[in-house]
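In what follows, chains are A, B, ... by sequence order, proteins preceding strands, each numbered from 1.
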Amino acid sequence: MKNSFEIYSKLPPKFYRRELLDVAKDLLGKTFVRKINKKTLAGVIVEVEAYDGRTDKAAHSYGGINERNKTMFEQGGVLYVYFIYGIHYCCNVVTGQKGIGSGVLIRGLQPAVGINTMIKNRFGNIEANEKQLRNLTNGPAKITQALNINKMQNGTDLNGNQIFLAENNFSKEFEIISGKRIGIKKSADLLWRFYIKNNPYVSHI
DNA sequence: CCACGGATTGGCT
DNA sequence: GCCAATCCGTGGA
């Protein structure tokens, strides 16, 4: 029996090459799939934030291309992984056309497949207590740790087989809440954070 | 050249 | 609520 993520086709490149905020909202409820060491790790996206290199002072890409942010300027459909605070990695889905510098930060994931491996990646344990389970993937750097994503995955083509997004086989019935983005000072009033109402894997309530 | 702050997290008060 | 961990791009001297 093939698992459901191989039956449901991955999202096509054109999904990512649309308007930033449309892609951001449409990412909610999609499945984020990570294949590593012949294992599948996957979760449903429940929280995102949009960043626009042209108008948004909080975006890494605002102010032009550099060594760190160059992946953001690729054509939509690749993964931008950045290193922050000397410790953490976070990942974005790059959107739009080449040269724009827009992307969507993945901030919350509801674990679905390979949860035991995620626990091992996050805590080094086989077993996890309730608190650890709640904190498995409810934050951008927690997600990269759980899914074993680091700078090696920066620029990964989301149309490949290592990391991709797929439709899910869950209900599409959910309410989207928008609000201010977390942890930024510039362009702080934009309501470019989107999350699924009442989902326990949203990072900040 | 050096100081500073950042799309975060986890531990301690 | 506060703060350390600790890399890297930016900006001022």
Please state how far atom CD1 in A:Ile84 lies from atom C1' in C:dA5, giving the value in whole angstrom units.
-> 13 Å
Whichever of A:Lys131 and A:Ile182 has the more 5' nearest nucleotide on DNA chain B, that residue is A:Ile182
Please give, in whole Å, the distance from C:dT10 C1' to A:Tyr82 OH?
-> 17 Å
Whole-Å distance separating the OH atom of A:Tyr85 from the P atom of C:dA4 = 15 Å
When we call it a touch if two heavy atoms are under 4.0 Å apart, what does A:Arg181 touch: a base, just sugar-phosphate, or nothing?
-> nothing
Contact class for A:Arg193 vs. all strands (heavy atom < 4.0 Å): base, sugar-phosphate, or nothing?
-> nothing
Would you mind classifying the nucleic acid contact of A:Ile87 as base, sugar-phosphate or nothing, using non-hydrogen atoms under 4.0 angstrom?
-> base
Honestly, is A:Arg18 close enough over A:Tyr16, meaning NZ or CZ under 6.0 Å from the six-membered ring centre and within 45° of the axis?
-> no
Take the protein atom NZ of A:Lys185 and the nucleotide atom P of C:dT10, then report the distance between them rounded to whole Å.
-> 18 Å
Donor-acceptor contact below 3.5 Å, side chain A:Asn159 vs main chain A:Pro13 = no
Within the structure shown, what part of the strands sits under 4.0 Å from A:Ala58 by heavy-atom distance: base, sugar-phosphate, or nothing?
-> base
Is C:dT10 paired to anything, Watson-Crick or G-U wobble with both distances less than 3.5 Å, and if yes, which nucleotide?
-> B:dA3
Nearest-nucleotide comparison on DNA chain C, the residue closer to the 5′ end among A:Lys151 and A:His88 = A:His88
When you list every nucleotide of DNA chain B with an atom under 4.0 Å from a heavy atom of chain A, which one comes first 5' to 3', and which comes last?
-> B:dG6 to B:dG10
Assess the side chains of A:Asn66 and A:Lys70: does a donor N or O sit below 3.5 Å from an acceptor N or O?
-> no
Toward the 5' end of DNA chain B, by each residue's nearest nucleotide, A:Asn138 or A:Phe83 = A:Phe83
A:Glu49: which of A:Lys180, A:Arg181, A:Arg107 passes salt bridge (Lys or Arg N to Asp or Glu O under 4.0 Å) | A:Arg107
